[in-house]
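The structure under discussion appears below in the form of structure tokens.
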Amino acid sequence: MTTPAAHETAFPTAHTSTHTTIGADRTFALLLILGGSLGLLASAVLTHDKMTLLANPNHVSACSINPVLSSSNIMKSWQASTFGFPNPFIGWAAFPAVIAIGAGLLAGARYRRWHWLGLQAGTVFGIGFVTWLQYSSLYVIGALCLWCTLVWAVTILLLWYTTLHNIQHGLIPAPDRVRRTVAEFHWAVPVLWIGTIALLILTRWGSALWA
């Protein structure tokens with residue numbers, strides 16, 4: 001994957017004006033569109049499962065394969081409605097916005113500093129929330145939802161590549177050496193991050209995942 005905004009100056013000044021507009025390259029735009037679409041798909045499936053479960057408490061989700069891989073067990077937990085409504089509703093609001101930003105970038109749109117920092121704040125909130133849900137799933141609820149893991153992976157990628165974009169354009173101050181390093185090895189963080197989650201899942205359940 002190429003790094004964002006490759007067609008623009010590689011390492012612009014760290015003091016970006018509030019009136020400066022910043023675009024992004026095709027790869028980053030497509031990442032936002034694809035990531036937002038996958039997140040929205042997962043939100044739709046999870047919303048359907050939640051609504052069906054509310055109507056029929058005995059409903060078993062199609063992706064509830066065994067006691068560990070059980071979307072139904074996740075949906076019955078209080079963590080599945082952390083803010084008083086089903087968590088997938090957050091996805092219905094967040095992921096279409098991500099898709100819209102990506103579509104705009106793909107069409108050549110350029111956004112101001114506050115817009116990029118707003119996207120950064122949104123992805124930081126998202127990663128904080130899904131990290132708590134990961135912990136709850138592994139060590140409190142004791143079950144794993146495959147559609148939830150898709151949202152976890154998407155959120156990690158959106159956070160990291162948004163952060164990378166903002167570092168490269170000086171919206172997040174960083175020394176030139178750091179900018180060059182993260183640009184060259186941009187794949188390392190998401191690979192290690194997602195790999196660590198996979199390792200924690202295997203350590204937690206092992207062969208019970210496919211029993």
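Here, residue 1 is the first one in the sequence, and each next residue gets the next number.
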Roughly how far, to the nearest 0.5 Å, is the [atom2] atom of [Y] from the [atom1] atom of [X]?
X: L209; Y: I201; atom1: CG; atom2: CD1; answer: 7.5 Å
X: M51; Y: M75; atom1: CE; atom2: CE; answer: 9.0 Å
X: T21; Y: H115; atom1: OG1; atom2: NE2; answer: 12.0 Å
X: N166; Y: I172; atom1: CG; atom2: CD1; answer: 5.0 Å
X: T27; Y: L32; atom1: OG1; atom2: CG; answer: 11.0 Å
X: L31; Y: Y161; atom1: CG; atom2: OH; answer: 7.5 Å

In the single-linkage hydrophobic clustering (I, L, V, M, F, W, Y; side-chain heavy atoms under 4.5 Å), do [X] and [Y] co-cluster?
X: F83; Y: I127; answer: yes
X: L199; Y: W152; answer: no
X: W210; Y: L200; answer: yes
X: L30; Y: L38; answer: no
X: V130; Y: W193; answer: yes

Any donor-acceptor N/O pair, [X] side chain to [Y] backbone, under 3.5 Å:
X: S64; Y: S71; answer: yes
X: R179; Y: A174; answer: yes
X: S70; Y: P67; answer: no

W187, CH2 atom: more than 12 neighbouring heavy atoms under 6.0 Å |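 Atom CH2 in W187 is not crowded, with 12 or fewer foreign heavy atoms closer than 6.0 Å.
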In sequence, state the C-alpha distance, the side-chain angles, and the governing distance for N87 and L133, and then conclude on side chain to side chain contact (heavy atoms under 4.5 Å, CB included).
-> CA-CA 10 Å; N87 293 343; L133 292 175; 3.9 Å; yes
Do the non-hydrogen side-chain atoms of [X] and [Y] ever get within less than 4.5 Å of each other?
X: V182; Y: W160; answer: yes
X: I197; Y: I156; answer: yes
X: H165; Y: H169; answer: yes
X: L171; Y: R113; answer: yes
X: W78; Y: V140; answer: no
X: L138; Y: W205; answer: yes
X: T162; Y: F28; answer: yes
X: I65; Y: L146; answer: yes

Extract all donor-acceptor atom pairs below 3.5 Å that involve side chains of residues 88-106 and protein atoms in other chains or at least two apart in sequence.
unit_1, atom_1, unit_2, atom_2, d
W92, NE1, T47, OG1, 2.9

After noting the C-alpha distance and the side-chain angles of S72 and D49, does the key distance pass the side chain to side chain contact (heavy atoms under 4.5 Å, CB included) rule?
-> CA-CA 8 Å; S72 296; D49 285 347; over 6 Å; no
Give me the atom names and distance for the closest heavy-atom approach of [X] to [Y].
X: I194; Y: A153; result: CD1-CB, 4.2 Å
X: P190; Y: L157; result: CB-CD2, 3.7 Å
X: R204; Y: G142; result: NH2-CA, 3.9 Å
X: A208; Y: N66; result: O-ND2, 3.7 Å
X: G35; Y: V154; result: O-CG1, 3.2 Å
X: I141; Y: N73; result: CG2-O, 4.1 Å

Under the side chain to side chain contact (heavy atoms under 4.5 Å, CB included) criterion, do Q120 and L159 qualify, and how do the steps go?
-> CA-CA 7 Å; Q120 184 73 57; L159 169 74; 3.8 Å; yes
How far apart are the C-alpha atoms of F129 and T155, what are their side-chain angles, what is the distance that settles it, and do they pass the side chain to side chain contact (heavy atoms under 4.5 Å, CB included) test?
-> CA-CA 10 Å; F129 188 43; T155 305; over 6 Å; no
